[in-house]
**Student:** 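The structure's right below; bear with me while I get my questions together.
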Amino acid sequence: MKYTEFEAKVLSQAVGQAVLLAEMSCLEDKKIEPEQLRKNVATILSVLKETEEFLNEIANERSNSDK
């Protein structure tokens with residue numbers, strides 16, 4: 001397994017956890033303090049930003065290797 005494959009797998013797991021965190025934040029029978037909700041959103045945004053940067057890095061590597 002190459003490093004980029006490993007990193008992709010780790011980011012996939014992180015995105016899955018972010019999805020679960022978002023779903024948990026929306027449960028009707030679960031009371032969440034505003035500060036905890038803010039932390040959840042910050043975590044989700046961080047995961048999405050890191051994933052986007054990783055995908056851009058892969059796209060750049062592929063475009064450079066095509067030249």
**Student:** What I want to find out is whether R38 reaches E35 closely enough, with some N-O distance under 4.0 Å, to be called a salt bridge.
**Tutor:**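 Salt bridge flag = yes for E35 with R38.
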**Student:** Nearest 0.5 Å, what's the CD1-OG distance between I58 and S63?
**Tutor:**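 Those atoms lie 12.0 Å apart.
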**Student:** Any link between L21 and I32 through a network of hydrophobic side chains (Ile, Leu, Val, Met, Phe, Trp, Tyr) touching at under 4.5 Å?
**Tutor:**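 Same cluster.
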**Student:** Applying side-chain contact (heavy atoms from CB on, under 4.5 Å), run through E57 and E53 and close with a yes or a no.
**Tutor:** CA-CA 6 Å; E57 183 181 313; E53 289 171 357; over 6 Å; no
**Student:** Quick one: CD1 on I44 to NZ on K39, what's the gap to the nearest 0.5 Å?
**Tutor:**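 Taking CD1 in I44 and NZ in K39, the distance rounds to 14.5 Å.
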**Student:** Is it the case that the side chain of S46 and the backbone of A42 share a donor-acceptor pair, with hydrogens and angles ignored and the cut-off at 3.5 Å?
**Tutor:**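 Not at all, since once roles are kept as given, no pair shorter than 3.5 Å links the two residues.
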**Student:** Would you name the heavy atoms of S25 and L37 that are closest together and state the gap between them?
**Tutor:**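 Heavy atoms only, the tightest pair is CB-CD1, 3.7 Å.
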**Student:** Between S12 (side chain only) and A8 (backbone N and O only), is there a donor and an acceptor less than 3.5 Å apart?
**Tutor:**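 Checked: no pair found.
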**Student:** Indicate the atoms forming the closest heavy-atom contact of F54 with T4, along with that distance.
**Tutor:**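 Taking F54 first and T4 second, the nearest heavy atoms are CZ-O, 3.5 Å.
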**Student:** Is it true that a side-chain atom of E5 and a backbone atom of K2 form a donor plus acceptor pair closer than 3.5 Å?
**Tutor:**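 Yes: the side chain of E5 pairs with the backbone of K2.
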**Student:** Hydrophobic clustering (ILVMFWY, side-chain heavy atoms < 4.5 Å, transitive) - are F6 and V15 grouped together?
**Tutor:**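 Per the 4.5 Å side-chain linkage, V15 and F6 are not co-clustered.
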**Student:** Rounded to the nearest 0.5 Å, what's the gap from CG on N40 to CG on L45? Could you check?
**Tutor:**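 If we round to the nearest 0.5 Å, N40:CG and L45:CG are 11.0 Å apart.
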